[in-house]
Amino acid sequence: MYHSRFAASGRSCRARIVGFAVVASFGFASAGHALTIKPTFDSSITSLAAAAQIETAFGQAAAIFQNAFTDPVTVNITVSWGTVHGQTIASGNLGQSWVPWYSGYSYSTIKSYLTRAALTTADKTAISNLPVTSPAGNSFAIPRAEMKSLGLLSATNTAADGYIGFGYTPSTFTFGATSSVASGTYDFIGIAAHEIDEVLGRISTLNSTSPSGATVFDLFRYAAPGVPNFLRSAASYFSIDGGQTNLGSFNVSGGGDRSDWVYPTGTDAQQAYLPSGQRLSVASADLLALDILGWDSGGTNALLAASSSTGSISASAVPEPRSVILLGIGLMALGFVRLVARGRV
């Protein structure tokens with residue numbers, strides 16, 4: 001499992017497997033698109049005076065991905081305030097995700113799954129440029145939601161595919177999609193989109209200083225053309241053509257997540273450091289990353305159309321927090337093994 005946080009100051013934490021009391025459940029589906037992201041808001045949110053704003057804004061973040069992908073899949077996310085998967089969010093953390101995954105897959109098996117699911121030109125380019133032999137050992141993990149996109153788990157399975165929690169008080173955030181983000185507050189929709197992106201599979205094992213295996217997303221990290229890179233602190237970038245084209249440089253400094261973009265990257269919600277007072281965006285490269293992981297897009301035009309607002313980034317960045325990776329029950333692994341790492345969102 002992967003445990004990630006987005007915060008104003010970094011703090012370490014450990015995840016615990018604890019149940020949530022389900023109070024309200026809402027599905028946000030866009031007409032003409034099959035992907036449904038179904039958040040379940042527990043009483044920590046439904047009891048808040050700002051509950052309606054929170055639920056609407058989360059739905060707007062979910063719609064970015066629903067408008068981009070056509071998979072007939074329902075992704076279930078439990079959403080809470082002050083906790084994530086039963087664990088209290090430490091002081092200083094704005095948001096946090098906890099993503100269960102299946103582990104123990106061989107490289108050849110991962111390639112076969114991706115090949116079977118390939119529909120877009122980007123998919124086929126990504127697969128044809130993967131190395132012949134595994135560049136990261138022979139143990140790979142697939143997040144639950146991605147399992148659904150690959151057809152490995154029932155598309156309508158009702159178990160939680162991920163957990164997202166938010167910290168601070170609601171007044172810390174700007175919830176509106178059209179209004180400017182107030183000075184000193186944070187773009188809730190952008191933060192929620194960052195966490196949803198991770199639930200859908202945009203995660204890395206390199207948040208750990210001594211990772212065991214890799215995620216599917218890790219296969220698209222390069223140091224140079226034809227040179228895969230799994231070194232935690234060495235410069236690397238996202239590429240789907242064997243490293244020939246740099247589609248985004250990864251963060252490789254500090255405790256930040258290695259699946260995030262290096263800071264600064266415009267207003268992209270997936271960069272390692274995020275500003276206050278700034279509207280964030282989900283760029284086409286972020287959606288392309290999900291496309292090659294198994295999610296089905298309507299093609300390049302659909303990905304570009306789903307991108308949100310653009311603009312200049314604030315000079316005052318907000319560091320994201322440390323995180324925890326846990327490798328969980330897999331088809332070839334028994335029980336849960338905890339692996340603690342430092343990372344961010």
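Please read these numbers as outputs of a predicted model, since none were measured by experiment. The first residue of the sequence shown is numbered 1, and numbering continues consecutively from there.
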Starting from [Y], can I reach [X] by hopping between I/L/V/M/F/W/Y residues whose side chains sit under 4.5 Å apart?
X: Phe140; Y: Tyr222; value: no
X: Leu290; Y: Leu130; value: yes
X: Val181; Y: Tyr186; value: no

Give the C-alpha distance, both sets of side-chain angles, the deciding distance and a yes or no for side chain to side chain contact (heavy atoms under 4.5 Å, CB included) between Thr120 and Ser297. CA-CA 7 Å; Thr120 66; Ser297 73; 3.7 Å; yes
Could you check if a side-chain atom of [X] sits within less than 4.5 angstrom of a side-chain atom of [Y], using non-hydrogen atoms only?
X: Asp291; Y: Leu287; answer: no
X: Tyr107; Y: Ser139; answer: no
X: Ser47; Y: Trp81; answer: no
X: Ile196; Y: Ile164; answer: yes
X: Leu48; Y: Pro170; answer: yes
X: Gln96; Y: Glu195; answer: no

After noting the C-alpha distance and the side-chain angles of Arg144 and Leu153, does the key distance pass the side chain to side chain contact (heavy atoms under 4.5 Å, CB included) rule? CA-CA 8 Å; Arg144 266 189 62 92; Leu153 187 65; 3.6 Å; yes
Could you work out the complete set of other residues in the hydrophobic cluster of Val262, with links drawn between I, L, V, M, F, W and Y side chains under 4.5 Å apart? none
Let's go through Phe69 and Asp296 carefully: what are the C-alpha distance in whole Å and the side-chain angles of both, what is the deciding distance for side chain to side chain contact (heavy atoms under 4.5 Å, CB included) to 0.1 Å, and is it a yes or a no? CA-CA 5 Å; Phe69 302 107; Asp296 300 331; 5.8 Å; no
Looking only at side chains, do [X] and [Y] share a donor and an acceptor under 3.5 Å apart?
X: Thr245; Y: Asp241; answer: yes
X: Asn251; Y: Ser253; answer: yes
X: Asp71; Y: Trp295; answer: no
X: Arg221; Y: Tyr237; answer: no
X: Thr185; Y: Thr174; answer: yes

With side chain to side chain contact (heavy atoms under 4.5 Å, CB included) as the criterion, how do Ser112 and Thr115 come out once you've worked through the C-alpha distance, each side chain's angles and the decisive distance to 0.1 Å? CA-CA 5 Å; Ser112 71; Thr115 300; 5.6 Å; no
Hey, would you say the Phe217 and Phe250 ring centroids sit under 6.0 Å apart?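 Judged by ring-centre distance (under 6.0 Å), Phe217 and Phe250 do meet the cut-off.
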Taking the six-membered ring for Trp and the single ring otherwise, decide whether the centroids of Phe173 and Phe188 are under 6.0 Å apart. yes
Check ion pair Arg202-Asp286 (N to O, under 4.0 angstrom): yes
Between Asp218 and Thr205, is the side chain to side chain donor-acceptor pair (under 3.5 Å) condition met? List the steps. CA-CA 8 Å; Asp218 284 329; Thr205 64; 3.3 Å; yes
Measure up the Phe238 and Phe220 rings against each other and bin them: parallel (under 30°), tilted (30 to 60°), perpendicular (over 60°). perpendicular
Please name the residue in the list Asp161, Asn157, Thr74 that meets the side-chain hydrogen bond (donor to acceptor under 3.5 Å, both in side chains) test with Lys148.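 Single pass found, and it is Asp161.
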Option from Leu150, Ile203, Ile292, Ile142 for which side-chain contact (heavy atoms from CB on, under 4.5 Å) with Val216 holds: Ile142
